[in-house]
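Accompanying notes for the structure given below.
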Amino acid sequence: MGADHEELAGGKVTIERPAEAVARITISNPEKRNALDHDVLDALAEAMPKLDDGITTRCVIITGSGKVCSAGYDIGDIPDEVFAQDAERLVAHPFPRAIEAVEAFPFPTLAVLNGHALGGGLELAVTCDLRIAAVSAKLGMPPAKLGLIYSHTGLQKFIDTVGIAHTRELFLVGSNVDAEEAHRIGLVNRVVGPVDLESASLALAAEIASNAPLSMKGNKEIIRRLASFRRLSEEEERAVIELRLSSFRTDDFREGVKAFGEKRPPRWTGR
């Protein structure tokens, strides 16, 4: 990727080269608090394989613009008559494709949480190998507040990162945690002041990129294999996928998203 600056998805995603062997991907969707829409997710899925270019890029930073890292899935404006299908389509296809592209990158990836990282935005960060957060950032998983059953692959990623107890708290309570608490439970690796975030993240990325390429690739792959605990059988996987998909068809999911957008308590019916 020869250019020092490239724009994808009409400028919603940019790629820069801020240091030697380092690429920085920035999500810029300010009207929707850097929400992950189809354009952003497709751009991420397109960018990551291109950055797998021998040893030219040995660390990739993923961050957001402005004061928010990412507010998660962009499901707030889906019309009611196509809500279930379109919400499921967003979460079931372009999001996993983008996540898989980040996971497949052979060298270290660094999520720089410049602000709030919620829902799918937080899963994107957890998919990266390392996370550095501004002290003002809030992190959270709001599916319980929206009526959404989260993917088993996403839940497994959180279990692998922070353990079962903290994953239960994140997903069953649904409240946000501050950066210091996120650091305490292992959700982020480092916390710095907002003014220092760019310099600290670039210094960390440059240090990573200066390491031996084959060592980093090998260590990353072995860590990935060692972290792979027992996975579901095909039958179990089909069952949990159906359980999750069933939530898209519920009245409570529509009500949860509507209430969230209207900043009011949801009126659950259990249907």
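This one's a predicted model, so the numbers in the text were calculated from it and none came from an experiment. Heavy-atom basis, side chains included; hydrogens, waters and symmetry copies ignored.
- Qualifying ring-ring contact (aromatic ring centres under 6.0 Å, His included) partners for F107, counting only residues two or more places apart in sequence or in other chains: none.
- From L155, atom CG reaches atom CZ of R168 across 11.5 Å, with rounding to the nearest 0.5 Å.
- Although no hydrogens or angles enter the test, the distance criterion places no donor-acceptor pair under 3.5 Å between the side chain of E255 and the main chain of P266.
- For F171, the ring-ring contact (aromatic ring centres under 6.0 Å, His included) partners at least two apart in sequence or on another chain are Y150, F158.
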May I have the list of side-chain donor-acceptor pairs in residues 136-143 shorter than 3.5 Å, sequence neighbours left out?
none

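- Going from atom CG of L124 over to atom SG of C69 covers 7.5 Å, rounded to the nearest 0.5 Å.
- The shortest distance between side-chain heavy atoms of R33 and H116 falls below 4.5 Å.
- One distance of note links OG of S65 with CG of N114; it measures 7.5 Å at 0.5 Å rounding.
- Contact check on D74 versus K12 returns no salt bridge, with no Lys/Arg side-chain nitrogen under 4.0 Å from an Asp/Glu carboxylate oxygen.
- Every pair passing side chain to side chain donor-acceptor pair (under 3.5 Å) that includes a residue from residues 187-199 is listed here, sequence neighbours excluded: R24-E198.
- Between the D52 side chain and the F105 main chain, no donor and acceptor come within less than 3.5 Å of each other.
- K32 and D37 are not joined by a salt bridge, as no carboxylate oxygen comes within less than 4.0 angstrom of a charged side-chain nitrogen.
- Annotation: the span from T26 atom OG1 to N34 atom CG amounts to 9.5 Å, rounded to 0.5 Å.
- Every pair passing salt bridge (charged side-chain N to carboxylate O under 4.0 Å, His left out) that includes a residue from residues 94-114 is listed here, sequence neighbours excluded: D42-R97, E103-K157.
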Subject >> Working for side-chain contact (heavy atoms from CB on, under 4.5 Å), residues M48 and T109 >> reply: CA-CA 10 Å; M48 294 304 296; T109 50; 4.2 Å; yes

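- Looking at E221 and K217, no side-chain N of the basic residue comes within less than 4.0 Å of a carboxylate O on the acidic one, giving no salt bridge.
- Separating the CZ atom in R58 from the CG atom in D53 is a distance of 10.0 Å, to the nearest 0.5 Å.
- Using a cutoff of 4.0 Å between basic side-chain nitrogens and carboxylate oxygens, R238 and E235 are not scored as salt-bridged.
- By the side-chain contact (heavy atoms from CB on, under 4.5 Å) test, N219 pairs with S215, sequence neighbours left out.
- A pairwise comparison of heavy atoms in P18 and V22 identifies CD-O, 3.5 Å as the closest pair.
- With respect to the salt-bridge test (charged N to carboxylate O, under 4.0 angstrom), the residues K50 and E46 qualify.
- Side chain of D252 to main chain of T269: a donor-acceptor pair is present (N/O by atom type, distance under 3.5 Å, no hydrogens or angles).
- In this structure, the separation between CG on L122 and CG on L170 is 7.0 Å, given to the nearest 0.5 Å.
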